[in-house]
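These numbers come from a predicted model, not from an experiment.
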Amino acid sequence: MAGLMKLACLVLACMIVAGPITTNAALSCGTVNSNLAACIGYLTQNAPLARGCCTGVTNLNNMARTTPDRQQACRCLVGAANSFPSLNAARAAGLPKACGVNIPYKISKSTNCNTVR
């Protein structure tokens, strides 16, 4: 019983310490990737721009309201961009504009996400 109580206290302490950290950036890369999955053909195979792609871009923009969220989304985008060797850099950089969305940075393999506000 004492071991269980120690474990419960440890879990509670971790939640108290980690809680403020995890609430700063609510967006996960899974969320970012799932919102942009419909864009892969457009970005890598010169396919037409799908309506679902722009819906995802708009949704993602609406979710990234705070600086930590925008920085996290940026990091996820840079990571995704680097995982596709056939990424069309010009299409990636122009994707938000093509979907009628303004974001404060260009999507590229080398974007410095720490400067995103």
Side-chain angles (χ1 to χ4, degrees):
M1 185 60 104
L4 185 58
M5 188 59 114
K6 286 181 183 177
L7 178 62
C9 288
L10 178 62
V11 169
L12 181 60
C14 288
M15 288 170 55
I16 290 168
V17 171
I21 296 169
T22 57
T23 57
N24 285 341
L27 284 178
S28 70
C29 287
T31 299
V32 172
N33 293 342
S34 66
N35 272 282
L36 300 181
C39 303
I40 293 173
Y42 175 76
L43 296 172
T44 62
Q45 301 166 1
N46 292 324
L49 183 60
R51 179 181 301 162
C53 173
C54 287
T55 299
V57 169
T58 301
N59 289 343
L60 186 57
N61 188 56
N62 290 338
M63 285 186 268
R65 289 291 175 204
T66 66
T67 296
D69 283 343
R70 286 188 290 273
Q71 289 176 338
Q72 178 62 23
C74 175
R75 288 183 191 100
C76 295
L77 291 169
V78 169
N82 282 305
S83 70
F84 288 100
S86 61
L87 180 78
N88 181 319
R91 281 188 166 204
L95 181 61
K97 185 176 181 180
C99 291
V101 173
N102 291 318
I103 63 171
Y105 57 91
K106 296 281 186 200
I107 300 171
S108 79
K109 294 182 177 190
S110 61
T111 300
N112 180 354
C113 297
N114 293 327
T115 63
V116 171
R117 300 283 168 240

Least distance between heavy atoms, [X] atom then [Y] atom:
X      : Y     : answer
Ala64  : Leu27 : CB-CD1, 3.8 Å
Val116 : Arg70 : CG1-CB, 3.9 Å
Ile103 : Pro96 : CD1-CG, 3.5 Å
Ala73  : Val32 : CA-CG2, 4.0 Å

Exercise for the section: Mind running side chain to side chain contact (heavy atoms under 4.5 Å, CB included) on Gln72 and Ser28 for me, showing each step along the way? Expected result: CA-CA 7 Å; Gln72 178 62 23; Ser28 70; over 6 Å; no

Practice task
Decide yes or no on side chain to side chain contact (heavy atoms under 4.5 Å, CB included) for Met63 and Asp69, but give the supporting numbers first.
Solution key: CA-CA 8 Å; Met63 285 186 268; Asp69 283 343; over 6 Å; no

Practice task
Supply the atom-to-atom distance Leu87 CG to Leu43 CG, rounded to the nearest 0.5 angstrom.
Solution key: 6.0 Å

Practice task
Among residues two or more places apart or on two chains, list those pairs meeting side chain to side chain donor-acceptor pair (under 3.5 Å) that have a residue in residues 75-101.
Solution key: Asn46-Asn88, Arg75-Asn114

Exercise for the section: Return each pair, listed once, that meets side chain to side chain donor-acceptor pair (under 3.5 Å) where at least one residue sits in residues 33-43; pairs must be two or more places apart or across chains. Expected result: none

Practice task
Count the heavy atoms of every other residue, nucleotide or ligand shown that sit under 6.0 Å from CG of Asn102, and state whether that count exceeds 12.
Solution key: no

Do any side-chain atoms of residues 47-60 form donor-acceptor pairs under 3.5 angstrom with protein atoms, and if so which ones, sequence neighbours left out?
residue, atom, partner, partner atom, Å
Thr55, OG1, Arg51, O, 3.1
Thr58, OG1, Cys54, O, 2.9
Asn59, ND2, Thr55, O, 3.3

Handout entry: Same apolar cluster (I L V M F W Y, side chains within < 4.5 Å links), Val78/Ile40
Key = no

Completion exercise
Sequence neighbours excluded, the answer for side chain to side chain contact (heavy atoms under 4.5 Å, CB included) partners of Arg117 is Thr67, Gln71

